[in-house]
Number of protein chains: 2
Amino acid sequence: MIKERKNTLRDSVFESLKALIITGQIPPGARVTENDMAARLNVSRTPVREAFNRLERDGLVVGRPRQGYVVTEFNLTMFREAFDIREMLDGRATELAAANATAADKARLRDMLAECERLAAIPDRSTREQFEELQVGIDLHRVIAEIGGNEMLHGMLCGILDKCQQYVWTELLWLDEWQLTREEHTGIVDAICAGDVALAGERARAHVRGSRENILRLLQAKSDYQGFFAKAS
Amino acid sequence: MIKERKNTLRDSVFESLKALIITGQIPPGARVTENDMAARLNVSRTPVREAFNRLERDGLVVGRPRQGYVVTEFNLTMFREAFDIREMLDGRATELAAANATAADKARLRDMLAECERLAAIPDRSTREQFEELQVGIDLHRVIAEIGGNEMLHGMLCGILDKCQQYVWTELLWLDEWQLTREEHTGIVDAICAGDVALAGERARAHVRGSRENILRLLQAKSDYQGFFAKAS
DNA sequence: ACACTCAAAATTGTATACAAATTCGCATAC
DNA sequence: GTATGCGAATTTGTATACAATTTTGAGTGT
């Protein structure tokens, strides 16, 4: 049995499955069964079942009684809903961060920005390095929410960011927009470090709005939404 | 084995436990064990475990590995966090409802208001009837979010409302504020029926702010917060 | 009277056995 | 060739047995 670093197998399985889904290694629409996962992770069905329950609660998989589970597929409606909420949550979390950030917090955010810049400056970088920059960019929002101090808000935002991360890792979109994303992230962190609550919040909201429009615009470019979204059956 | 009306025992147990907790029949701080619940509901531990998992995910119970579960206790921090989020979510949901409500939706809201008025007009009403009015008043917000059409937002708001409902059912506070609550609810529904998006949203946010101040003020009236909140150990 | 030790009890974590339901494929009839 | 029906295989739902850990409490020594 796998003993990664968590206390219980349930948590290990949950984290493993979540990572597999968010990174697109198990794509949206893919069917996942308890037995397969149990065999793959070398554990019994029990912890796998409990992990599936939590994943379903987080909206990463959908399951119908006695019919198995399927990795949640993307659709336009879900994106509009998620980004509408994320604009509020991310904006508020960033306001709180601007109000509460300590010197150490600010240094941490600066470090993450520097890491993004470093990864961006690598010539002819690999896909792995591109993924790393995406990861750090999304983690930046998680850390900002953590700094904000509202744990409930932090948890909710992380749930939505999981879905966003699943999307960018699966589709690897807006490759030409990374420069803009870095600039917006820098602007948000600048406002937080300056303690400008209103500016930080508004920049965060504008950033989320921009991401939403960017994604929706790219989706529009696809001629057939159904064909684009349906990854499997 | 109990076969209420759900397909699976897990769902039945989850709903039963959730109801017991939200209505204060199992008070905050109370210890809950899998065996007790399994015996109480006449099922095995397996569906009870899965229900506990979901309850923990929803923040209604907290559990530590191999130490059992405890019904989540109230504290000031949690209230500030929850109401800060609820103000955003409820405000947005109400805006969406004002934009999307059909004639049938509006009639449904009116009916709920009328039910509140009917229950309020009963002279020397029983505790049961008071609870009913509280229930309908909180359900009003759930229905408004449902009408808004953003399912994700609806689900998130329901989670927070569960905690609010647990609180009022457990403590039965602000008995003298019910008249004000009814007036605010009426104002919100009026704005929704008029299709005034901005007004509906602002009234909803003001209503949540008022509820928060009301609760915090009552908490201040208690001399010892710790003694007030700690219901059991 | 107090502190310490150790064993027993209680409780959750995991594995496995069995039941119920759904799905899929093959055979058969038309 | 197509449709239909039935049965095997697959998959989840539930129950139970066992393992691991924590808690509890009695007993003992000082």
Side-chain angles (χ1 to χ4, degrees), chain A residues 1-18 20-21 26-73 230 232-233, chain B residues 1-18 20-21 26 29-73 230 232-233:
Chain A
M1 307 141 195
I2 291 177
K3 283 282 184 185
E4 284 184 353
R5 60 178 181 277
K6 289 285 184 177
N7 283 335
T8 66
L9 285 180
R10 168 187 55 198
D11 293 330
S12 300
V13 173
F14 174 73
E15 295 298 337
S16 299
L17 267 172
K18 182 173 163 182
L20 285 172
I21 292 172
I26 302 178
R31 187 174 172 76
V32 285
T33 69
E34 297 177 359
N35 281 326
D36 286 348
M37 278 301 144
R40 183 170 182 169
L41 299 175
N42 233 6
V43 298
S44 79
R45 274 180 53 214
T46 305
V48 174
R49 272 187 72 78
E50 301 191 0
F52 273 35
N53 263 293
R54 292 172 62 172
L55 289 170
E56 183 173 27
R57 206 79 189 142
D58 287 357
L60 293 175
V61 302
V62 291
R64 286 183 307 181
R66 290 190 176 78
Q67 292 185 27
Y69 293 85
V70 171
V71 178
T72 308
E73 301 190 51
S233 61
Chain B
M1 306 135 195
I2 291 177
K3 283 283 184 185
E4 283 184 355
R5 61 180 181 276
K6 290 284 186 178
N7 284 334
T8 67
L9 284 180
R10 169 187 54 198
D11 293 330
S12 300
V13 173
F14 175 74
E15 295 299 335
S16 300
L17 267 172
K18 183 173 162 183
L20 286 172
I21 292 172
I26 302 179
R31 188 174 169 75
V32 285
T33 69
E34 298 177 358
N35 280 326
D36 287 348
M37 277 304 144
R40 183 170 182 169
L41 299 175
N42 231 8
V43 298
S44 79
R45 275 181 53 214
T46 305
V48 174
R49 273 186 71 78
E50 302 191 359
F52 273 36
N53 264 292
R54 291 173 62 172
L55 288 170
E56 185 173 28
R57 206 76 188 146
D58 286 358
L60 293 175
V61 301
V62 291
R64 285 184 307 182
R66 289 189 177 78
Q67 292 185 28
Y69 293 85
V70 171
V71 178
T72 308
E73 300 190 52
S233 61

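Chain naming here is simple, since letters A, B, ... match the order of the sequence lines and numbering starts at 1 in each.
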Legend entry - Side-chain donor/acceptor of B/Asp36 to backbone N/O of B/Val32, under 3.5 Å: no

What is the distance from [atom1] of [X] to [atom2] of [N], rounded to the nearest Å?
X	N	atom1	atom2	answer
B/Leu41	D/dA15	CG	P	11 Å
A/Leu9	D/dT21	CG	P	12 Å
B/Glu34	D/dT14	CD	C1'	14 Å
B/Asn42	D/dT14	CG	P	14 Å
B/Arg54	D/dG13	CZ	C1'	14 Å
A/Arg45	D/dT16	CZ	C1'	14 Å
A/Asp36	D/dT11	CG	P	6 Å

Legend entry - salt_bridge(A/Asp11, A/Arg54) N-O dist < 4.0 Å: yes

Inset, instruction - Considering only NZ, NE, NH1 and NH2 on the basic side and carboxylate oxygens on the acidic side, decide whether A/Arg57 and B/Asp58 come within less than 4.0 Å. - result: yes

Legend entry - 5' priority, DNA chain D, between A/Thr46 and A/Phe52 [closest heavy atom]: A/Phe52

Inset, instruction - Output all residues satisfying salt bridge (Lys or Arg N to Asp or Glu O under 4.0 Å) with A/Arg66, sequence neighbours left out; order by chain, then residue number. - result: none

Inset, instruction - Identify whether any heavy atom of A/Arg49 sits under 4.0 Å from a base atom; if not, whether one sits that close to sugar-phosphate; answer base, sugar-phosphate or nothing. - result: base

Inset, instruction - Give B/Thr33 one of three labels, base, sugar-phosphate or nothing, depending on what nucleic acid heavy atoms sit under 4.0 Å from its own. - result: sugar-phosphate

Supply the atom-to-atom distance [X] [atom1] to [Y] [atom2], rounded to the nearest 0.5 angstrom.
X	Y	atom1	atom2	answer
A/Arg31	A/Gln67	CZ	CD	8.0 Å
A/Phe14	A/Thr8	CZ	OG1	11.0 Å
A/Leu17	A/Leu55	CG	CG	5.5 Å

Inset, instruction - Using heavy atoms and a sub-4.0 Å distance, could you list which residues of residues 59-69 of chain A are near DNA chain C? By number, please. - result: A/Arg66, A/Gln67

Legend entry - Nucleotide nearest B/Asn35 (side chain, heavy atoms from C-beta), chosen from D/dG13, C/dT12, D/dT12: C/dT12

